[in-house]
Participant: 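One structure coming up, written as structure tokens, with questions to follow.
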Amino acid sequence: MTDIDDLPVAGTAVLLRPTAEGFVVLLMRRPDRGSFAGAWVFPGGKVESSDRREGSDESDDARRAAVRETEQEVGLIISDPVLLSRWQPPVEAPVRIRTWFFLASAPDDDPRFSVDEVVDVMWLSPAEALSRHATGEWTLFPPTWITLHQLSRFSSVDAALASAGVARHFSTRVIESPQGRDFEWDGVRLRTGALPWTIDER
């Protein structure tokens with residue numbers, strides 16, 4: 001099996017909004033059914049035929065999907081999202097979708113979410129989102145956790161956007177340990193056996 005399998009593709013938009021203290025990100029909670037049931041995630045979804053263009057790269061199709069899904073799910077129109085990362089799912093995953101993440105400045109409009117796909121939306125700092133997960137209040141999936149962890153290093157929207165532009169590739173490996181399940185990527189190991197999750201970075 002190669003790193004790039006013939007998988008469905010999705011695009012995810014990480015929306016940033018400046019504040020006096022730095023910036024906040026938009027997270028939305030999925031219903032307690034379907035994909036990512038009950039979890040807090042970024043807007044996004046699978047690439048559809050309307051997102052594809054002849055001769056375009058997979059990442060460009062995913063970018064169009066991220067823009068479209070963001071408007072459909074939370075009613076926000078974004079422009080010029082910047083490549084952040086590409087997530088290759090582990091072979092053990094029951095549903096395997098390769099997902100491209102993008103950073104984007106959020107418009108000033110208030111979100112208007114689709115009640116069929118979204119239960120709630122919140123703007124909060126990456127550190128606050130991680131804190132809510134650490135206490136067990138929120139459910140996060142590893143790509144969301146890692147993205148928030150990375151963003152927590154930046155003090156402004158401009159600094160976060162300046163760090164993006166080239167996708168970092170995360171090919172996920174699942175490792176069972178005596179302490180529970182770990183997720184590993186090149187140079188990164190996320191230990192998820194107990195809260196709070198911890199990360200080892202080389």
Side-chain angles (χ1 to χ4, degrees), residues 4-18 23-31 34-36 39-89 93 95-124 126 129 140-151 154 157-158 160-172 185:
I4 299 295
D5 303 323
D6 185 16
L7 296 177
V9 175
T12 290
V14 183
L15 275 59
L16 312 179
R17 178 172 284 178
F23 67 93
V24 289
V25 300
L26 179 72
L27 285 154
M28 61 185 205
R29 187 164 74 83
R30 291 292 189 193
S35 300
F36 307 108
W40 288 85
V41 299
F42 305 115
K46 285 201 295 187
V47 170
E48 298 181 356
S49 57
S50 62
D51 304 314
R52 297 188 175 92
R53 304 287 185 275
E54 185 176 354
S56 68
D57 293 338
E58 179 180 290
S59 61
D60 290 330
D61 294 342
R63 180 185 281 105
R64 285 185 284 269
V67 171
R68 175 182 51 75
E69 288 281 347
T70 298
E71 183 177 7
Q72 290 177 356
E73 292 181 332
V74 295
L76 297 177
I77 299 174
I78 58 173
S79 59
D80 302 320
V82 182
L83 262 177
L84 179 65
S85 55
R86 188 204 74 196
W87 294 84
Q88 183 80 355
V95 178
R96 302 184 71 230
I97 301 173
R98 182 166 51 255
T99 305
W100 296 80
F101 278 44
F102 302 86
L103 287 184
S105 293
D108 293 332
D109 307 299
D110 293 329
R112 302 181 312 279
F113 60 86
S114 167
V115 295
D116 292 333
E117 300 181 89
V118 182
V119 174
D120 196 7
V121 297
M122 287 194 69
W123 293 99
L124 70 177
L140 297 175
F141 280 79
T144 309
W145 195 100
I146 292 289
T147 301
L148 291 167
H149 173 74
Q150 292 176 323
L151 290 173
F154 300 107
V157 170
D158 288 344
L161 289 172
S163 73
V166 176
R168 181 175 178 182
H169 294 179
F170 290 86
S171 294
T172 307
W185 306 272

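Every heavy atom of this structure was used, including side-chain atoms; hydrogens, water molecules and symmetry mates were not.
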Participant: For the backbone of G44 and the side chain of E73, can you confirm whether one donor and one acceptor N or O come within less than 3.5 Å of each other?
Facilitator: yes
Participant: Does any N or O in the side chain of R96 come within less than 3.5 Å of the main-chain N or O of P89, such that one atom is a donor and the other an acceptor?
Facilitator: yes
Participant: Under a 4.5 Å cut-off applied to non-hydrogen side-chain atoms, are F102 and V67 in contact?
Facilitator: no
Participant: Taking the side chain as everything from C-beta on, heavy atoms only, tell me whether V47 gets closer than 4.5 Å to P8.
Facilitator: no
Participant: So which heavy atom on G45 is nearest to which on E69, and how close?
Facilitator: N-CG, 3.5 Å
Participant: Heavy atoms only: give me the nearest L83-A164 pair and the separation to one decimal.
Facilitator: O-CB, 3.2 Å
Participant: Taking the side chain as C-beta and beyond, is there a heavy-atom pair between M122 and L27 under 4.5 Å?
Facilitator: no
Participant: What is the minimum heavy-atom distance between A62 and A10, and which atoms define it?
Facilitator: CB-O, 3.6 Å
Participant: Where is the tightest heavy-atom contact between A13 and I78, given as atom of each residue plus distance?
Facilitator: CB-CD1, 3.8 Å
Participant: Within a radius of less than 6.0 Å around CZ of R112, do more than 12 heavy atoms belonging to other residues, nucleotides or ligands occur?
Facilitator: no
Participant: Would you say the side-chain atoms of T172 pair up with the backbone N or O of Q88, donor to acceptor, closer than 3.5 Å?
Facilitator: yes
Participant: Between D51 and R68, does any side-chain N to carboxylate O distance fall below 4.0 Å?
Facilitator: yes
Participant: For the side chain of R86 and the backbone of T99, is there at least one donor-acceptor N/O pair under 3.5 Å apart?
Facilitator: no
Participant: Over all heavy atoms of both residues, which pair between R17 and D108 is shortest? Give the atoms and the distance, please.
Facilitator: NH2-C, 3.6 Å
Participant: If you define the side chain from C-beta out and look only at heavy atoms, does anything of P111 sit under 4.5 Å from L26?
Facilitator: yes
Participant: Answer yes when E48 and R64 have at least one side-chain N-carboxylate O distance shorter than 4.0 Å, and no when they do not.
Facilitator: no
Participant: Give a yes or no on whether D120 atom CG has more than 12 heavy-atom contacts from other residues, nucleotides or ligands under 6.0 Å away.
Facilitator: yes
Participant: Side-chain contact, heavy-atom cut-off 4.5 Å: T70 with F42?
Facilitator: no
Participant: Once you measure the plane-to-plane angle for W87 and F101, does it fall in the parallel (<30°), tilted (30-60°) or perpendicular (>60°) bin?
Facilitator: tilted
Participant: Can you find a pair of side-chain heavy atoms, one from L84 and one from T147, that are under 4.5 Å apart?
Facilitator: yes
